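Only heavy atoms go into these numbers, but all of them, side chains included; no hydrogens, no water, no symmetry mates. Bear in mind that the values here come from a model prediction, so they are computed numbers and not experimental data.
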Amino acid sequence: MKANSYLSLKNYILIFLLLVIVVLLSFLLAGSKDPGSVVEQRPFVSSMTVSVPVPDHVEFCGNRISLERLDMRERYDREINSFTYFHSTTLLYLKRANRFFPIIEPILKKNGIPDDFKYLCVIESGLDTRALSPAKAAGIWQFMEATGKSYGLEIRDGIDERYHVAKATEAACRYFREAYERYGDWVNVAASYNAGMGRISSQLERQYVDSAFDLLLVSETSRYVFRIMAAKQIFMNPQRYGFVLKKENLYPMVEVDYVEVSSDIPDLAAFAKQYGINYMILKDYNVWLRDTKLTMQKNSVKTYRIAIPKKEALQYNKENVQVHDRQWVVN
């Protein structure tokens, strides 16, 4: 009997202690409904899914864009949260930017285009040099064939300069300058890159407004500039949005030599072997070559520069990774 009484008392004590623990946990959980009481303010993103704070304004092309108007705030909120929680894809954008921004930025600057427009090609193609949309827009700037030709790109059998990073960036700059001459406003220029100048111009006139921010447009175009601004915000401080990279995580620039050719190359695989690389690598670094051969046009005197990556540059060495923007990494 005494042994049974002892066991009963022990059980009662255990039950009492469990009840105390349950009550304490209930109080703790009740006091932590606000994510701010659970996670620190920096970084914004934790293991929980926390809605990213929306600032009162953002900077775009040197202008202060207010987000105090309800629709402006909510449209930006959608895009900043989308980029923040699209983890693997946003990480890939940051890694690729280390390779391609050093090419893009000087071209934008030379042409008088705001540096923020480099984020436009991030949302257009994810900095994928082989990007091809269902509508057949190609390259990192996603030019349609007719548009690419109208802005000076060579597009024909075997050659498509929409896939040439530097030349396509020059063509994009020609578009931006032309659009800015029409609008005098970089927001409208950016929106027109998605919808076309004709569409933006006609809608500004029809809806009696001056800014693409105030237009009723299809969802893709309505979101477009907000996506650019959100991408910029994350690229400016990835760690605050939960993206922690070391320099060795970034994709390095690859040093190349150039071979100038002004005559047919009947077999690009044999050409690649001649320079100590294989066909796959040759095409990776010259995506604009769209065939197994290079054929000159009749009576053409044009010279093409074919990139040949240096052998040592094709071997990964984390010590040789150059960081283009120190804000991207933690070391």
Quick one: are Y175 and W141 in side-chain contact, heavy atoms under 4.5 Å?
-> no

Judged by atom type as modelled, is there a donor-acceptor pair below 3.5 Å linking the side chain of Q322 to the main-chain atoms of P252?
-> no

Is any side-chain heavy atom of P309 closer than 4.5 Å to a side-chain heavy atom of I277?
-> yes

Under 4.5 Å between any side-chain heavy atoms of K283 and Y279, yes or no?
-> yes

When you check the gap from the basic side-chain N to the acidic O, do K118 and E124 get nearer than 4.0 Å?
-> no

Tell me whether the centres of the aromatic rings in F176 and Y180 are closer together than 6.0 Å.
-> no

For Y163 against G139, the heavy-atom pair lying closest together = CE2-N, 3.9 Å

Would you say N188's side chain and A212's backbone share a donor-acceptor pair under 3.5 angstrom?
-> yes

Separation between CG of N320 and CD of E255, rounded to the nearest 0.5 Å | 9.0 Å

ILVMFWY cluster, L314 and L250 together (side-chain gap under 4.5 Å) = no

Could you go step by step and tell me if F213 and V225 meet the side chain to side chain contact (heavy atoms under 4.5 Å, CB included) rule?
-> CA-CA 8 Å; F213 282 140; V225 182; 3.9 Å; yes

Please lay out, stage by stage, how K232 and D115 fare under the test salt bridge (charged side-chain N to carboxylate O under 4.0 Å, His left out).
-> CA-CA 10 Å; K232 175 186 175 180; D115 187 65; over 6 Å; no

Can E68 and H57 be counted as having a side-chain donor-acceptor contact under 3.5 angstrom?
-> no

State, to 0.1 Å, how close A179 and M197 come at their nearest heavy-atom pair, and which atoms those are.
-> CA-SD, 3.6 Å

Straight-line distance of K273 NZ to D267 CG, nearest 0.5 Å | 10.5 Å

Are L153 and M296 grouped together when hydrophobic residues (ILVMFWY) are joined by side-chain heavy atoms under 4.5 angstrom apart?
-> no

Less than 4.0 Å between a side-chain N and a carboxylate O, is that true for D160 and R290?
-> no

Group every Ile, Leu, Val, Met, Phe, Trp and Tyr by side-chain heavy-atom contacts under 4.5 Å, then state whether Y119 and Y251 land in the same group.
-> no

Looking only at atom types and distance, does a side-chain atom of N249 sit under 3.5 Å from a main-chain N or O of K246, one as donor and one as acceptor?
-> yes

Answer yes or no: is there a donor N or O on one side and an acceptor on the other, between the side chain of E79 and the main chain of F226, under 3.5 Å?
-> no

Do F235 and F101 have their ring centres less than 6.0 Å from each other?
-> yes

Taking the six-membered ring of Y151, is NZ or CZ of R174 closer than 6.0 Å to its centre and within 45° of its axis?
-> no

Separation of N286 CG from R305 CZ (nearest 0.5 Å) = 10.5 Å

Got a salt bridge between E170 and K110, using NZ or NE/NH1/NH2 to carboxylate O under 4.0 Å?
-> yes

Determine whether more than 12 heavy atoms belonging to other residues, nucleotides or ligands lie under 6.0 Å from atom NZ of K302.
-> yes

Given the rule in the side chain to side chain donor-acceptor pair (under 3.5 Å) test, do Q327 and N237 qualify, once you have shown the distances and angles that lead to the verdict?
-> CA-CA 6 Å; Q327 297 179 106; N237 196 342; over 6 Å; no

Are any side-chain N or O atoms of S125 and backbone N or O atoms of C121, one a donor and one an acceptor, separated by less than 3.5 Å?
-> yes

Side-chain (N278) to main-chain (I281) donor-acceptor, under 3.5 angstrom | yes

For atom OH of Y208, decide whether the heavy atoms of other residues, nucleotides or ligands shown that lie under 6.0 angstrom number more than 12.
-> no

Of all heavy-atom pairs linking V58 and M229, the shortest is CG2-SD, 3.6 Å

Out of curiosity, S222 OG to L215 CG, how far, rounded to the nearest 0.5 Å?
-> 9.0 Å

Do T84 side-chain atoms and I80 backbone N/O form a donor-acceptor pair below 3.5 Å?
-> yes

Is any NZ, NE, NH1 or NH2 atom of the basic residue among K149 and E154 found under 4.0 Å from an Asp or Glu carboxylate oxygen of the other?
-> no

Can you name the closest pair of heavy atoms from I123 and A231 and give their distance?
-> CG2-CB, 4.3 Å

Going through the checks in order, is the side chain to side chain contact (heavy atoms under 4.5 Å, CB included) test met by F243 and Q239?
-> CA-CA 5 Å; F243 297 97; Q239 291 81 37; over 6 Å; no

In plain terms, say whether D71 and R75 are close enough for a salt bridge, that is, a side-chain N and a carboxylate O under 4.0 Å apart.
-> yes

Should the pair D128-R130 be classified as a salt bridge under the 4.0 Å nitrogen-to-oxygen rule?
-> no

In the single-linkage hydrophobic clustering (I, L, V, M, F, W, Y; side-chain heavy atoms under 4.5 Å), do F117 and F143 co-cluster?
-> yes

Would you check if Y285 and I306 make a side-chain contact, meaning some heavy-atom pair closer than 4.5 Å?
-> no

Stepwise side chain to side chain donor-acceptor pair (under 3.5 Å) test for S192 and R199 | CA-CA 7 Å; S192 76; R199 178 70 172 170; over 6 Å; no

Do T90 side-chain atoms and F86 backbone N/O form a donor-acceptor pair below 3.5 Å?
-> yes

Could you tell me whether a side-chain N or O of D264 sits under 3.5 Å from a main-chain N or O of T295, the two making a donor and an acceptor?
-> no

Determine the minimum heavy-atom distance between D116 and I228, stating which atoms define it.
-> O-CG2, 4.1 Å

Should V330 and L91 be counted in the same cluster of Ile, Leu, Val, Met, Phe, Trp and Tyr side chains packed under 4.5 Å apart?
-> no

Enclosure of Q274 CD (heavy-atom neighbours >12, cutoff 6.0 Å) = yes

Aromatic ring pairing H87/Y85, orientation class (parallel under 30°, perpendicular over 60°, tilted between) = perpendicular

Given side chains that start at C-beta, do those of L282 and I308 come closer than 4.5 Å, heavy atoms only?
-> yes

Considering all heavy atoms of both residues, which atom of A313 and which atom of V254 are nearest to each other, and what is their separation?
-> CB-CG1, 3.8 Å

If you measure from OG1 on T147 to CZ on R162, what distance do you get to the nearest 0.5 Å?
-> 9.0 Å

Are side-chain heavy atoms of P55 and L67 found at a separation under 4.5 Å?
-> yes

Does H164 reach the side chain of V287, with side-chain heavy atoms less than 4.5 Å apart?
-> no

Step by step, work out the side chain to side chain contact (heavy atoms under 4.5 Å, CB included) result for Q142 and S133.
-> CA-CA 8 Å; Q142 288 289 276; S133 78; 3.3 Å; yes

Taking atom CZ of F271 and atom NZ of K293, what is their separation to the nearest 0.5 Å?
-> 15.5 Å

Are any non-hydrogen side-chain atoms of E145 and K136 less than 4.5 angstrom apart?
-> no

Evaluate the criterion side chain to side chain contact (heavy atoms under 4.5 Å, CB included) for residue pair K310 and D257; output intermediate values, then yes/no.
-> CA-CA 7 Å; K310 295 182 177 181; D257 292 318; 3.3 Å; yes

Please confirm whether the backbone N or O of A172 pairs with a side-chain atom of Y193, one donor and one acceptor, at under 3.5 Å?
-> no

